[in-house]
Visitor: 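Okay, handing you the structure first.
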Amino acid sequence: MDRKLIKGGNLYAGQRYLSDQPAAVFVVDERIEALGQEALNAAESDDVQVFDCPDQTLMPGLIDCHTHLSLDPDLPDYLLRMQDPIPELTLRAVQTMKRDLLSGVTTARCLGDKDFLDIHCKKAQAEGLLPGPGLLVAGRGIRAPHGHGFVGSAFSGPENVRQAVRENISAGADLIKVYLTGTVRGPRGMPCTFSEDEVRVLVDEAHRAGLPVATHCIGGPGFDLALECGIDVIEHGYFLSQSQIEALDASSTWLVLTPSIFFSDQRLETLHGNLKQIHLQQREQVARVMQQVVKSSVRWVVGTDGMHAGLAAEIEHLVGFGAEADRAIAGITTKAADLMALSTEIGSLAKGKRADLIGVQGDPIQDVSALARVRTVIQGGKVIRRTESDKGALADSGNS
Ligand SMILES: [Zn+2]
């Protein structure tokens, strides 16, 4: 048995501090065995490796609720680079997964990649061949031929949509992703790019197989159709109206917020054509919607949409829009695990859960920028990273 004691300066177990307890987590193999004083007691034997992180808050490993493995905003014209050959996209995915993991993301939900490459990456990661977050995957994102979706694949008509869903399921998808709108408001507003027939077939096929459906949807009639057809998760929601936020609030549908797509200045520089100007023009309206959502009781969580290693920035944006720090952090820990139906395994630190935990320098509830100072990463009981500069530790992560 592999026994480890991780000692920090502070312990945030997920939606609660254990401030009356010593900041300690005892890990046996891939599971958490004890927290606090119980961890210190349980670890009193010779064969326990001790990791001291006195200036760090120990907290659950982070969950990115919306990513794409082969999107890389560090590349010029990065959205157009989705047309690169599949082997190039796959090599890119290998890099982005490593970056995400080192930034503290121990689990990620992938909302579509080309040619099932996310499903192959999920298997390779689970088999220990590929370092990265544990993955929940959508396979191919389903978009209309005339619709948005640089990362998606085009399908048209109810029978083709049905076939696409079935092929995704048989390839190993965990959820089904459909693009119903663009990402910015266009000259014709926010048209919905699939018909009601197509959406109903898609939801029916997915739900009959027990898979949830997520939709890329910024608002407009696509949002109303999504709610009406029983879609489980709205992704982005940048332009929801007040009445749509209220409808969401009254439903059990989740909303995944991805503010950096609009509010990262660095990202805007990597966009092609006039997309930078369009995003800048629409920022103010998106900010107003985000302010309303974070104050509501909508079931919102948080993702990067492929802004790899950028979860800390997403949280900073949301706190800037008025979210409470602990609520925003729940969107990448406890509530994120709820969205993924994985809360018995991940999202908080508790006995019996997977030993996915990180140490951040500082106190993230007092100052969410601490989330950008990840010093320790432990995934499934394996030490991935231990210091600020420890970016090459993945090679021998199993041994330390
Ligand atoms: Zn996306």
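Every heavy atom of this structure was used, including side-chain atoms; hydrogens, water molecules and symmetry mates were not. The structure displayed is predicted, hence computed values, not measured ones. Read the numbers this way: they start at 1 and go in the same order the structure lists the ligands and their atoms.
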Visitor: Within 2.8 Å of the Zn ion (ligand 1), is there any N, O or S atom belonging to D305?
Guide: yes
Visitor: Under 2.8 Å from the Zn ion (ligand 1), is there any N, O or S atom belonging to H236?
Guide: no
Visitor: Between K122 and D174, is the salt bridge (Lys or Arg N to Asp or Glu O under 4.0 Å) condition met? List the steps.
Guide: CA-CA 11 Å; K122 175 188 171 170; D174 299 301; 3.0 Å; yes
Visitor: Between E33 and R3, is the closest basic N to carboxylate O distance under 4.0 Å?
Guide: no
Visitor: Hey, are D338 and R299 close enough for a salt bridge, meaning a charged N less than 4.0 Å from a carboxylate O?
Guide: no
Visitor: Judged by atom type as modelled, is there a donor-acceptor pair below 3.5 Å linking the side chain of D113 to the main-chain atoms of S70?
Guide: yes
Visitor: Can you tell me the N, O or S atom of H68 that's nearest the Zn ion (ligand 1)?
Guide: NE2
Visitor: Kindly confirm whether the Zn ion (ligand 1) is within less than 2.8 Å of some N/O/S atom in H216?
Guide: no
